[in-house]
Structures are given as C-alpha cells and as structure tokens.
Amino acid sequence: MRQQKLTVIAAVLLCMVGVAHAAEGSPEVDTGTTAWMLTSTALVLLMIPGLAMFYGGLVRTKNVLGTMMHSFAAMAVVGVLWMVCGYSMAFGPNILGGWFGWNPDYFLLKGIDTTITDAGIPEYVFAMFQGKFAIITPALIAGAFAERVKFRGYCIFIALWSLIVYNPLCHWVWASDGFLFEKGAIDFAGGTVIHISAGAAALVAAFYLGPRRGYPKTAMHPNNLVMTLMGAGLLWVGWFGFNAGSSVESGLKTAQALTVTQVAAASGALSWMMLEGLLHKKVTTLGFVSGVLAGLVAITPAAGDVLPWGALVLGMVASVLCYFAIEMKNKLGYDDTLDVFGIHGIAALWGAIGLVFFLRPGAGSGSFFGQLWVQTEGALVSLAYSGIMTFVLIVFVDKVFGFRLSEADEKAGMDHSLHSERGFGMLNLNS
Amino acid sequence: MRQQKLTVIAAVLLCMVGVAHAAEGSPEVDTGTTAWMLTSTALVLLMIPGLAMFYGGLVRTKNVLGTMMHSFAAMAVVGVLWMVCGYSMAFGPNILGGWFGWNPDYFLLKGIDTTITDAGIPEYVFAMFQGKFAIITPALIAGAFAERVKFRGYCIFIALWSLIVYNPLCHWVWASDGFLFEKGAIDFAGGTVIHISAGAAALVAAFYLGPRRGYPKTAMHPNNLVMTLMGAGLLWVGWFGFNAGSSVESGLKTAQALTVTQVAAASGALSWMMLEGLLHKKVTTLGFVSGVLAGLVAITPAAGDVLPWGALVLGMVASVLCYFAIEMKNKLGYDDTLDVFGIHGIAALWGAIGLVFFLRPGAGSGSFFGQLWVQTEGALVSLAYSGIMTFVLIVFVDKVFGFRLSEADEKAGMDHSLHSERGFGMLNLNS
Amino acid sequence: MRQQKLTVIAAVLLCMVGVAHAAEGSPEVDTGTTAWMLTSTALVLLMIPGLAMFYGGLVRTKNVLGTMMHSFAAMAVVGVLWMVCGYSMAFGPNILGGWFGWNPDYFLLKGIDTTITDAGIPEYVFAMFQGKFAIITPALIAGAFAERVKFRGYCIFIALWSLIVYNPLCHWVWASDGFLFEKGAIDFAGGTVIHISAGAAALVAAFYLGPRRGYPKTAMHPNNLVMTLMGAGLLWVGWFGFNAGSSVESGLKTAQALTVTQVAAASGALSWMMLEGLLHKKVTTLGFVSGVLAGLVAITPAAGDVLPWGALVLGMVASVLCYFAIEMKNKLGYDDTLDVFGIHGIAALWGAIGLVFFLRPGAGSGSFFGQLWVQTEGALVSLAYSGIMTFVLIVFVDKVFGFRLSEADEKAGMDHSLHSERGFGMLNLNS
Amino acid sequence: MKLITAIIQEDKLDEVREALIAAEVGRITVTRVDGHGQQETTEIYRGLVVIPNLIPKVEIKIAVNDEFVDLTVDTLLKGARHGDDGKPGDGKIFIAPLEECIRISTGQRGTEAI
Amino acid sequence: MKLITAIIQEDKLDEVREALIAAEVGRITVTRVDGHGQQETTEIYRGLVVIPNLIPKVEIKIAVNDEFVDLTVDTLLKGARHGDDGKPGDGKIFIAPLEECIRISTGQRGTEAI
Amino acid sequence: MKLITAIIQEDKLDEVREALIAAEVGRITVTRVDGHGQQETTEIYRGLVVIPNLIPKVEIKIAVNDEFVDLTVDTLLKGARHGDDGKPGDGKIFIAPLEECIRISTGQRGTEAI
Ligand SMILES: Nc1ncnc2c1ncn2[C@@H]1O[C@H](COP(=O)(O)OP(=O)(O)O)[C@@H](O)[C@H]1O
Ligand SMILES: Nc1ncnc2c1ncn2[C@@H]1O[C@H](COP(=O)(O)OP(=O)(O)O)[C@@H](O)[C@H]1O
Ligand SMILES: Nc1ncnc2c1ncn2[C@@H]1O[C@H](COP(=O)(O)OP(=O)(O)O)[C@@H](O)[C@H]1O
C-alpha cells in the first residue's frame, strides 16, 4: 500500500539515508528552521526536569530524590548511548532484515559534522532533537516501578531498553525504510514509538516487579503536589517543542501542530476537571494535571494531521478514558505507581487510533479503514514488541544484577538507602 | 486624528480582517519570524506556571494548591474558550457597533488552517500567541481574592470575564478596526488590555468580596518565598516572549522590545531594593521581585517605542509608585491580597501614560499632548470598562453560583476544602 | 602570530567596532539568526534562576533566600551596569592601552538603536545576549562565600568586579582588538572569560573571607537537594543558549556547539556517577549534578571547535578532575562553600587547555603547540588578573563597607538577619 | 504547675489562639504533628480509596500555674470544637505535672516564670 | 494514666504502627524530630566526612491507661528494633505520669477519654 | 529521672549543642516548634506591620538522671542566652518527672538507659 502523505520527519530523512552528502550541492541552511529546531531541542530537554518534578512530587518523601534521579539518569545514560550508537540504530539504513538500522558514519556522530539535511537544518540538530525523545521514553517508564527499584539495575535496564526496544521501534516508524513507515502509519511526534511503548513496558514492569510494600492498603501521599504542578507546567511548555518540533520545519505544519497541542492539553484538563466535579464534587489538582497529560499524549501521534476541533475531542475523550483506566487499575490491584500505562499507554492508544476520525482532509492514506487498520497495526506492534522485550530485559536485569529493592531498603526509602541523601533537608534541624 | 505609527500587531492584522486569503498570492512563510513567534508562544505559556509559583508561594500553606490552581485553571478554561470563540471576538471584524468582533471563519479556528499572515507567519501562531495573553489576564486577577473564593465560582467568573471584558478590550486596542486602535493608542504588549484591566478588576473584586478572615490583624506569612523567587525568574524569562513577541517579527523592533524589557526589569528591581534599603535598612526578596514585576509591567505598553534610557527611568519610577501604592492600600485596609492593583494596575497606568515622555523619535503621533491624551483615554477606558463589568460579573457569579468561600472552608484552607489535597505532604509523616 | 580560525563572536564584531554603520548599506536582518539569538538570550537568562535554585538548595535552611538573592541581585545590579557602560567597556575599541574598550555610542546603549550587525542580527540582541554572560559571572562567584556575607557589601563587590574584572577580560578575549583575541585564543562561549575568572575570584574570596563558623567540623546539610536538581535541569537547558548562542548564527556552527554541549553534559554526569559508584558504592544526586556542571563548564570554551567524541572525553575527564579537586579542598580545609573553584575553575581550565587535543580538523591555528601555549596563556592571564583584582576589590569592600557577616548574624542566618524573611514559611505554623 | 498539651485540628489553631489570648493565656508553644484517633478520613488519589491513616494535627503546649488549669482547659475546649457538640477528631487534652519552670533570659524560677 | 513517648528510627514507623494496631493500640501522635544518641552516622557531601550530628527521627506519643503500659512498651520494643538484637540508634522509650486526659469533642475525662 | 524541655531561639541551637557536648550531655531530641511568649517581633510584608504572632523556635528535650539536672539546666541557661543578661524571647526551660526510660536496642531500663 502506498500513500500520499508520509510523515514529515521521514520525508526529511529520505535523502539522509544511504547517500552521504558531499559538501557541494548540499542544501542550504535555513536559519529560521534551524532556530526553531534548536529551540525545540531545548524545549524537549526541559521536559526531563519537568518529568522529574512531576514524578518526584507524587512519591513519598523518602523517595523523592531517587525518583527524580530516574529521569535525570536517563539524560546521562541514554544521552551518551544515543550519541554513540543510538542515532545510527534508529536512523541508519536497515540491517538484520530491518530489525534496526546502522550507518557507520553515525557511530559517535562522527560522519555528520557538516551535513545539512533537505529540511535546511544541520543533521546534528535533527540527531539531538531525536536524542531527547530517546531520553524521555525510558524515563517515562520509571513511573511504573517508582519507589522500589535499585539504581544500578535501573541504569542497566534503561540502557538495554533504549538499545533493544526504543531504537528499533523508532527505526520502524520514523526511518524512511522502517516497515511501519512504509505502510503509512501516522505517528507525528511519537504516540506509538514513545508513549505506547513506554506504557506497555510500564505494565509489564509493574506486574513483574510487584507492588510496593503496603500497597494498596497503606495510604501513600504525594510528598509535594506543588512540585508536581510545576512539573506539569514545564511539561506543557516543553511539549510544544516535542510536537511542533516534530514537523522539522518552521512553517505551517509546525503551527498546526502547536495549535492542536495547546487545544488538546486544555481540553484534556477541562474534561478531567468536569469529570471529577461531577463524580466527587471536588476538582483535584492531580486530576487537573493528569488531564493535561492525557490530552498531550493523545494529540502526540496526531499533531500534524488533525484539525483544532479534532484536538478538542481527542483531548476530552482521552481524559475520560484515562480516568476509567485508572479506576480499573485500582480494582485490579496491580501497582503501576504513577499510572504510566493508565495515562501514557491509554491516551496514546486512543490518540494513535482515534486520530483517524479527525484527519484533516487530504491527510492520511486515501481510505478511512485502510488508515484505521494501519494505525491499529502500528499500535499493536509497539504494544507487543515493547511488552515482550521489556519482560525479557527485566527478568534478565533482575536475575543478573538485581532490580527490585530489598524490603529493608524500600522501607528506609531510596534517598537514604541508594543515594545517602535527603531531599528536603529543611524538614530537619540539622540543615 | 491620524497617526503614522500604528502598533505593530495591528499593522500585521490589517489584511487579515475582512478578506480571506485565497491560497494563491498569499504571503510566504518566513521561517525565522515563525520560529521566534513559536518560541514566544512557548515563553508566554511558561509565564502561567511562573505566575502560579509566584502567587502560590505568597499565600498560606493551606491555600498553596488552590492558589496555583487559579493560574492553571485559566489554561484550561480560557484555553478552550479562546479557541472556540475568543479569537473570533477579539480579532474578527466589528459587530454590534464595534463592541467586539466576529468572524465565522475563526469559530473553532476552523477557517485559518492554511492562512499565512502578511508578517510571514501562519495565522495559527498568531492566534495561539494571543491566546496566551487571554489566559494570563484573568489568572492575574486571581491574586486579588486569593485564599477566599470557591473554585467553581472562580472558573465561571474567568470564563465570563474573558468573554465579556477581555475579548472586547483586546478588540478595541489591537484589532485594526478597534476604536482605540484607530485613535492611535500605543499599547505594544498589553499594558492597557492586560495589566490595567486586570488591575481594575482586582480592585473591584477585592472590595466586593471583602478581606480574608483576620485581615489585617493576623499575620499571614508567605508559605514559600523560595518558590515565589523561582516564579519571578520564570516570569522574567517569559516576559521576553510577551514583549518581544508582540512585535510579531524577528527583527529590529523585536530586539528593541527585548532590550527595554530587560532594562526595565533590572531597573525596577534595583529601584525597589534601594528604596527598601533606604527606608528599612533591609532589602527583602519579596521587594526585589515586586520591583522586577513593576518594571516589567511598566515597560509592557511601551516596549516597542521607547529607548533604553527611557526604560531605565520607567522601571525605576514604577517601583517607587507601586511601593507607595501598596503602603496606601495598607492604610486604606482593603485586602487586594497579592497587590494586583498595587503592582499591575499602578505600574501599567504609569507605563501607558508615562511612555509618552520617552518615545523614540518618530514613534507615536506627531503631537506630544495628542499622544498623552490618547494614552490617558485608553487607560481610562480600560479602567472603567473592566471595573464596571467586573462588578456586574462578580455580583452575578456570587449570587447565582456562590463566589466567596464559607468561613469554615476558608479556615480549613482551600487545599483541603476545595481540592481534598495537601500541597506539601512532606511536612507530615504520612507521606 | 596570525591564525585562520578566529572565534565566531569576534568575527561578527569585526565591523561593529570603530565604524558606525550608516543606515544605508547596512546588512539585512536575518530573521532566523535573530530568532535563535533572541531565544538564546532568554535561555541564558533562565540560567540565573537556575543557578539561584542550584545554589539555594545547597545551603542551610536559614540562608536559602540570601543565597538565591545573590543570583537575583546580579540581574539587577549588573543588568543595569551593563546597559549603562558595560557593553561599551567590553566591546568598544581599545582605550587606556587596551585595558578595556569604550565607545561613547554604546553608553546607555544609545547609539545602536537601529544597528544591524554583519551576522544579520540587530546589535541590541548581541548586546543583551552578552549582558546575560556579564550577569551570570559574578553570580557564580557567590557560591564561594555563601552563607556569610553582607548583602550590601555583596552588591558593591559584584558591581566593582563586573566593571574592573569582567568587562576588561571580556574585552581582551572577545573584542576584535582584544589582545588575547588577537593572539588567537579559542574561548568559544566563555571558559576563560567566565568560568576561570569566576573560579579564581572564588578561590581568593574563600581564602580572604575565611570559613563559615563551624566549618568543617559541623555538618551543614543542603536544605533542598530537590531544588538543586531542578536548578541543574534549568542550567542544562539554559546552557544550550549559552554555548549554541555563542555561535551568533543559526546554522552549522550552532548545531555543532549544541551537540557537543549535550554530549559533554551527559558524559560528565555519567563519569561522576561511575566514579562515585566505584568509590562509595553509592551514587549521589549531588554528584550527578556536579558531573553535569563539570561537563558543561569543560565544553564551554571548546563548544565550537571539537568533535562529539572529543566532547565525550572532555566531559568524562572533567568530572574526574573536579572530583579530586574537591577532595583536595576538603583536605586543605578552606571553605569554597559551593565549590566554585573546584568545579568551574578546574573544569574550565581543563576545557580551555584540553580542547587542543580534540580540535576539529582545521580549527585553531596551524600548530598544536602554538595553540596549546595560547590557550594556557589565556587561562593564566584570566586566573592571575581575576585573582589579583578580586583580592584588591574584596579587601577594599571589606574595609570600607563591610563584607563578612557578623558572627551573630551568621548564626541567625542571612534570611532573618539580612532580609527579615523566611524561605520556607510552610515549616512553621504561622503561615 | 501543669503542662497542658492539646492535640487539635489544624483549622482550629487560629480560633484557639484567639480564645486563649482573650482569656489572657498568651504563652504557648505549637508543633505540627500527625495523629490517629477516632476520626475517619476519606482521601482520594486518582480515585483510589485508602485506609484511614495519620492525619495532620496541631499540638499546643501551655505551661500554667495550677490556678489557671481550668480556665485554660475550658478555653481550649470551647475553641477547638467543631460545632457546639464537637466532632470526632476534634482532639485531646492531656495534663501532666510540671516540677519546675525557668525563664532563660532572667533565670527566674517557678510560678513567676511561667 | 501514663504518657509513653518513643523516639524511633524513621524507617520503622510503618512497622511500629502496624504492630500497635495489631495490639489494638490505635491512638497515637507522631512528630518529626531530630536526635542524637549512641548512633554514629556516616554522611558524605561531595566526599567530605563530617562529625555525627543530629539524625532525623520520629517521636511517637501514646497516652494509655496504666494497665496498657506494658503491652504498649512491648509492642514498641518489638516493632522498633532493627534485627533481633537491635542496633544503636533504635531509640528510646520514656514513660511519664499523666494526670488528666480530656476528649475535646465530648468533654469526657480520665481513663475513658484516653 | 527528669525530662528537661527547653524552648530556645533558633539561632542558639548550635551553641547550646556545643555547650551540652562540652558538659558531656550528648543525648538530645530537638523539634521545630513555634511559640509565643514575651518576645515582640517586627515583621514586614510589603511594608505592612502585623501583630506579633507565633515565632519559630526550637524545642530541646533531654532526659537526665536526677544528679545531672542542675548541670544540664546551667548549661542550657548559658548557651541559650543572647548577651550576658539575656533578652526576652530567649526561652523557657520546663522540668517534668520521668518514671521510666527504656533503651529500645537492648531493653535496658531506668537510670542506666538514659
Ligand atoms: N491516647 C492517645 N495518645 C496519643 N495521642 C492521642 C490519643 N488520643 C488522641 N490522640 C491524638 O488526638 C488526635 C485527635 O484525636 P480524636 O480522634 O479526637 O480522639 P478520640 O479518638 O479519642 O476521639 C489524634 O489524631 C491523636 O493525634
Ligand atoms: N537522654 C535522652 N534525652 C533525650 N533524647 C534521647 C535521649 N536518649 C536518646 N534520645 C533520643 O533517642 C534517639 C535514639 O537514641 P539511641 O542512639 O538509640 O539511644 P542510646 O544512645 O541511648 O542508645 C536519639 O537520636 C535521641 O533523639
Ligand atoms: N507558659 C508557657 N507555655 C508554653 N510555652 C511557653 C511558655 N512560656 C514560654 N513558652 C515558649 O517559650 C518561648 C520563648 O518564650 P519567652 O518569650 O522567652 O518567654 P517569656 O515570655 O516567659 O519571657 C515562647 O515562644 C514559647 O514557645
């Protein structure tokens, strides 16, 4: 099946794969597009501390630093890996039958020092922008097993996960010879690659690692909802880079993506607020920011291809679905601590499939059902591949290096037992 | 009276109103301008969490979440409203004798999917940038009645205020057929539209809703000045988008606006510091950030049209005026809790009128007194319209839905009584 | 000695010095470059609250506001000074035999209202971008004498330091007629000008002012490592503006700078993590962020001229050097409270000199040893000049205005004794 | 001399303070504590209902001379109740013996130092 | 009536609470404190070793009728120990006399109010 | 055995600790509290002067054997005073009877457990 509309990123990359640009005849830098892509890179980077704050505020006081370190560590571990080989695996030409890509020139980013892509930006910028996505995805998963894993095991896990799960998935969906890309799957800014895969990994991890000691009987209050709110604010801002930057241009598509991102975030929040207002007569701040996230995740795969009113509906419905998914989790009793599956997984599934209903005229392949099927297929591939591989990796890491924290360390808290520090020294009189 | 210098935004819009651009012959996208406007949109969005932190840090511990939610809720409520009809009301052509505008194409933003404005940016970007202003304005007002209003009433109030006060005002000043715009009023980035109107609304609300229980006898300490400082930092950064973005270009005017913004913020802070140093022999951090805000607000209407030394003076004087305005409030005894009028109202009045003394040669209409009068007129219109309509709306919301919190709920704190949450769980041993 | 590769900034400035551009024939604005430089200016500004949070979190509870004010005050004091005369001293043509520069047109920034530089950006933008560097440098020094200086003395000190140390150094290295610039010293984004000079000043200040009461016997715990982490996140994001903005373009050089910045930050963090893991079997969050900073500082002088694998090594080694430098400090027993020399000084020395090993082919002067010597010379000049002048200034300020806090005030804490405020009101029951 | 310790609800602190000041019992020490008694709480975290746990409370300590015990207790009782009949969770008052009281600034001891 | 005050390690709060509930001692007040006893701490700040200082602890206060003192103390002892033999730093229990106890909501006094 | 409770100014904690250690009174429990006594505070919030309210203080609890009471009190008095004559707000010391003291790790009781 061929389709007219390919995702923008891939179009940009078409020429990058295979042929190495000689200096002569290479495209000119477009300073405006470059400026926006640089900015987007910074904005997506801002999401990592944003996520650290969001997650960090939701756990118990004794685990605040350990939880924030899950996000930060991804910046170091995946940050280095991406530059060494991740970019090559994700955006090099197919090897091993298309499992992932490889381009020796991309190893250590050494062959792209002066490459300008057809989009008019230095390839470095594209590589760094994409690198931020690679960083944030494993950091998202960490919410599923917050408050109960070893730091060393975690670092090894995200390194392996990034190599074995993320890079291939990214290759399939966004590289021009990736098999899902070729089928015409729409995943503008990473609903499938990022949120569904993180959600699936989260679910598997939560089941394999088991609940926290005392869950769900003991109340575990957020230590700092104020920080969670701040983090949500930064996430919203950073998401503009995430989605609008995924247009790899600074023009109409970018503007469309930014607009629907803003609309879906607002409508997701409004929807969750109204739902809570109806059901509990109270609106919680955690509910509000959960709605923001649900809306943002849902619009992520769709950002380049739906109209504002579609974003309004996508966001609204996302919140409702996530709300009940979390209710369901509470009934089932597994401990996906910060609801990574309940929010990222569910909203991204909804967004990736639901976007078909709201496509801008002309977007997508010609046929509605064709597109619906391609979208579903992409989502299922991501769910299955990430789920299964995560299971393998987690068992491996757990058996070989140890993943789950010992009971004594869990009780003492990660900050003390893993990092020998305290998040809020001010609470005590010795600081 | 015709004048040479029209505000930049309006110039940009001239062609947008009335004639719908056909695809052919429409302006080219300027990627650089688009990049900066996208960035500005993100920066202004950053001001909302910034404001939440600024305000949130100043109230008592039991109200921190409730206060932050006032800012965040505006992102959801006004965020959705703006996309539905706000943009149309503000930037559509005059209807109802110019009370506000309307363009059916702007409803749900459905007719601007591919429009490029003469400034070389997709119209979506302009709409989103303006939308952030619409969001922040009601959020500012919330400081006046912090710690004592119902959440539901608040949401309804800002929705109505946005529709009935903000959109018309924005239309009058910034739409090319707005009556204040036609008179040549200078309001570069929203001194009149945003800060004066918010200040007037704040004053009316503070009087109508009455003081907090115990005010002014009981000491009410800020729960987190550290967060207030962080928030002030984000506001300063975001204000670069606010003011420099209001040039709707990425060039000389933008650079001028950014420069004077930086200068006025620094000089406002310096001036407040020195004043406190003189009067109290101590410099407070709250004073410092109040000075930053005073400087930033004062330069907002003037940012495109004054020289750096003018910004220096505008900022310095703004702090002095605000300082004594707050002293006055303390004497008068009404409870504008976070000094919305004392800072935003006063500094913006000063900026909107005072800018006439520091105009760049060639800026403004030919005559000094002519411009002075136009500025004063604009300020008075905003004061009066916002003041009166706010009064009507507040009475309406209070009578019909309830606005002021019950005494018991006020004592228990908004976080508990309205949101069933606690901002700083870490203070207690159950988290 | 002439060399081919001059630092980019200087190249940009070449035409600005001496000849005033007439309106006709002046370069066109490049909207893309301007957009990125505006963004960079905002990003570097974001580093100031970032630094305030980073430093603020590390001191004791009673000094949190006072410490944050050290960063914020620089925004007001140096912010105003830079606009009044700093830009002129730094980027005007040589006067007094090249001690610093002066251009009467730059006084109060009054003569550059419409100047466009050859880089295609309004000169205002360049002036503001550089102004942020001038602000952050003295703010960095404050870490050396945290928790024990008077606010008034501090303000006077940074004002003088900015005028007498920073502006001349900046002139020597970055102005086209600066003597280090003419020798071909590579200092892409301010390793020499900013971090080495701040490090040297810090060392001198720490020795002259003496340790805090009780140091090193009494444990002094960070009051809020959570905030330090947030601050580190903002610093990382802001550093993209710092380094990539220093290319004064929006193109290949910018992309190269951004890439190595990201790589060095990640590798610095990874290296510190692994070192701590090896030595203590625990990885601390403070160690992590120290590694981020070490990597970022080390890459600062090198950002435009090394390849990604060079950045990897620079960052890795920087963390190791800083780690042991701090160990050394602990043995020597002087109280450079927040390790300004140990991190900024050491990492910048390493970066400024070590970059010679990793230069991109073609970068730098022809000869390896020639460049090595020039780099060393630049570093030594900065160390010596900043060290000696800081000593003079600190003695002067201490004798004339008082710099060190009285013992009673130090015990009571800066927040109470200097600012009459409390950072975390929520800890007490009266807020 | 007695040491009166009252554990009250957070939202009653202001009222209790005002009542005590009106009764001319001005000296007081308060602490943030968490407690568990009869009171049942309903808490919601993304829809999950959790077992009652520690609830934030305020502890008030007042050292008084014997003749002031009744006045203080009565004032506390009045100020700390929710509604006229009180509600579970309104708190507890404990009275313990105090052997000595010393004002640090002057070194005064006993009843005059309280 | 007695007032039992126990200073325990932070990580033992949950276990102690669970043990007390199992022993049907449900009423409790806890506070965040810092203490210094035998326990030696090792703390690292960018590699610097510092002298032992105040260590974060949790203080538990339980007012009980006399016949419950032993049960409560035994439960505390069991719940608060690290390992079977205990470790330095596990804490202290203090028992002080209590003269009166009043339930604020009802005004009940004495043993029935505890 | 006695339980000595001292409410002191925040800025005196280090000095008091040092004095106690010098007097070989090493065991201690401290808590962040807020209090109101004689001390008048001046507070400024954007220029507004407010009535004196609760002031942050530090509470120190030391359980001692009877023979150590005087030493401890004297040390506290010396360490906690501002200037030689003391100032209002320097704080209060309360002494209450203690019936039993138990070291959790060993189960030791009484004077040897203190
Ligand atoms: N016996 C007790 N020992 C210690 N604290 C108690 C005791 N009884 C009550 N408290 C404290 O008083 C608070 C309020 O108790 P409340 O629920 O009103 O008491 P009751 O259950 O006796 O009616 C509790 O949260 C707890 O902190
Ligand atoms: N005599 C005492 N007075 C006050 N508090 C004490 C005393 N002894 C112990 N504590 C408190 O109990 C905590 C744990 O003490 P621990 O080190 O187990 O006691 P010990 O040194 O007697 O074995 C200490 O941190 C301190 O808070
Ligand atoms: N009678 C009392 N009951 C409880 N706390 C007291 C009492 N007297 C003093 N305090 C505590 O001691 C602190 C310091 O008191 P201070 O002002 O020095 O006492 P005084 O007013 O007796 O001179 C107060 O803030 C309060 O916390």
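Order of the sequence lines fixes the chain letters, A, B, ..., with proteins taken first and strands second; residue numbering starts at 1 for each chain.
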Enquirer: Given heavy-atom pairs under 4.5 angstrom as the criterion, report whether the side chain, backbone, both or neither of A:Leu43 touches chain C.
Expert: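 When you check distances to chain C, no heavy atom of A:Leu43 falls under 4.5 Å.
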Enquirer: Please find the pair of heavy atoms, one from C:Gln262 and one from A:Gly79, that lie closest to each other, and give the distance.
Expert: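 Taking C:Gln262 first and A:Gly79 second, the nearest heavy atoms are NE2-CA, 4.3 Å.
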Enquirer: Would you mind telling me which of C:Met273, C:Lys281, C:Gln256 has the largest number of heavy-atom pairs within less than 4.5 Å of chain A?
Expert: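 So the answer, after comparing C:Met273, C:Lys281, C:Gln256, is C:Gln256.
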Enquirer: Please classify the contact of A:Phe72 with chain C as side chain, backbone, both or neither, using a heavy-atom distance under 4.5 Å.
Expert: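 Both backbone and side chain.
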Enquirer: What's the separation between atom CD in C:Glu276 and atom NE2 in A:His419, rounded to the nearest 0.5 Å?
Expert: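 One finds 10.5 Å between CD of C:Glu276 and NE2 of A:His419.
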Enquirer: Identify the heavy atoms of A:Met83 and C:Val263 that sit nearest to each other, and give their distance.
Expert: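 That closest heavy-atom pairing would be CG-CG2, 3.6 Å.
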Enquirer: Just so I know, are the side chains of C:Met230 and A:Met53 near enough to count as touching, which here means a heavy-atom distance under 4.5 Å?
Expert: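 When only atoms from C-beta onward are counted, A:Met53 and C:Met230 do touch, with a gap below 4.5 Å.
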Enquirer: When heavy-atom pairs shorter than 4.5 Å are enumerated against chain C, which of A:Pro49, A:Gly120, A:Ala76 gives the highest number?
Expert: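 Heavy-atom pair counts peak at A:Ala76.
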Enquirer: Taking C-beta and beyond as the side chain, do A:Val125 and C:Leu258 meet within less than 4.5 Å on heavy atoms?
Expert: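 A:Val125 does not reach C:Leu258 side chain to side chain.
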Enquirer: I'd like to verify something: which residue of C:Asn63, C:Leu229, C:Thr254 has the highest number of heavy-atom pairs under 4.5 Å with chain A?
Expert: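 Ranked by contacts with chain A, first place is C:Leu229.
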Enquirer: Could you tell me which non-hydrogen atom of C:Leu286 sits nearest to which non-hydrogen atom of A:Glu421, and how far apart they are?
Expert: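 Smallest interatomic distance, heavy atoms only, reads N-OE2, 3.2 Å.
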Enquirer: To the nearest 0.5 Å, tell me how far C:Thr259 OG1 sits from A:Glu123 CD.
Expert: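 Result: 10.5 Å between the selected atoms.
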Enquirer: If we define contacts as heavy-atom pairs under 4.5 Å, which of C:Val283, C:Thr33, C:Thr39 has the most with chain A?
Expert: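 Most heavy-atom pairs within the cutoff with chain A belong to C:Val283.
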Enquirer: For residues C:Ala255 and A:Tyr124, report the shortest heavy-atom separation together with the two atoms involved.
Expert: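 Shortest heavy-atom contact: CB-CB, 3.9 Å.
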Enquirer: So for A:Met37, is it side chain, backbone, both, or neither that comes closer than 4.5 Å to the heavy atoms of chain C?
Expert: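 Neither part.
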Enquirer: With only heavy atoms counted, which part of C:Leu270 is less than 4.5 Å from chain A, the side chain, the backbone, both or neither?
Expert: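 For C:Leu270, the contact with chain A is made by backbone and side chain together.
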Enquirer: Can you find a heavy atom in the side chain of C:Val226 that is under 4.5 Å from one in the side chain of A:Met68?
Expert: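 SC-SC contact between C:Val226 and A:Met68 confirmed.
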Enquirer: In terms of heavy-atom proximity below 4.5 Å to chain A, should C:Trp239 be classed as side chain, backbone, both, or neither?
Expert: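 Neither part.
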Enquirer: If the test is side-chain hydrogen bond (donor to acceptor under 3.5 Å, both in side chains), which one of C:Thr31, C:Asp30, C:Thr34 qualifies with A:Thr31?
Expert: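 The residue from C:Thr31, C:Asp30, C:Thr34 that satisfies side-chain hydrogen bond (donor to acceptor under 3.5 Å, both in side chains) with A:Thr31 turns out to be C:Asp30.
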Enquirer: Nearest heavy-atom pair of C:Trp309 and A:Leu108: which atoms, and what distance?
Expert: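 The pair with the smallest heavy-atom distance is CB-CD1, 4.3 Å.
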Enquirer: Of C:Arg60, C:Met426, C:Lys62, which meets side chain to side chain contact (heavy atoms under 4.5 Å, CB included) against A:Met426?
Expert: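 Answer to the side chain to side chain contact (heavy atoms under 4.5 Å, CB included) test with A:Met426 among C:Arg60, C:Met426, C:Lys62: C:Met426.
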Enquirer: Looking at chain C, which one of A:Thr41, A:Leu234, A:Asp113, A:Leu109 has the largest number of heavy-atom pairs inside 4.5 Å, strictly under?
Expert: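 So the answer, after comparing A:Thr41, A:Leu234, A:Asp113, A:Leu109, is A:Asp113.
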Enquirer: Looking only at heavy atoms, what is the nearest atom pair of C:Ser250 and A:Ala35, with distance?
Expert: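 Minimum heavy-atom separation between C:Ser250 and A:Ala35: OG-N, 3.2 Å.
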Enquirer: How many angstroms lie between atom CZ of A:Phe424 and atom OG1 of C:Thr61, to the nearest 0.5 angstrom?
Expert: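 It comes to 12.0 Å.
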Enquirer: Under a 4.5 Å cutoff for heavy-atom pairs, which residue among C:Gly268, C:Ala269, C:Gly277, C:Gly251 has the most contacts with chain A?
Expert: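 If we count pairs closer than 4.5 Å to chain A, C:Gly251 comes out on top.
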Enquirer: Could you tell me if the side chain of C:Leu225 sits less than 4.5 Å from the side chain of A:Arg422, heavy atoms only?
Expert: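 Heavy-atom side-chain distance check fails, nothing below 4.5 Å.
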Enquirer: Is it the backbone or the side chain of A:Ala52 that comes under 4.5 Å from a heavy atom of chain C, or both, or neither?
Expert: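 Contact with chain C involves no heavy atom of A:Ala52 at all.
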Enquirer: Non-hydrogen atoms of chain C under 4.5 Å away: do they reach the side chain of A:Ser417, the backbone, both or neither?
Expert: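 Just its backbone gets close to chain C.
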Enquirer: Given a strict heavy-atom distance threshold of 4.5 Å, which part of A:Val80 is in contact with chain C: side chain, backbone, both, or neither?
Expert: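 For A:Val80, backbone and side chain are both near chain C.
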Enquirer: Looking at C:Asn224, C:Leu38, C:Leu46, C:Leu252, which has the largest count of heavy-atom pairs under 4.5 Å with chain A?
Expert: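 Looking at each option in turn, the highest pair count goes to C:Leu252.
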Enquirer: Check each atom of A:Leu65 against the heavy atoms of chain C and say whether the ones under 4.5 Å are side chain, backbone, both or neither.
Expert: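 Both parts, backbone and side chain.
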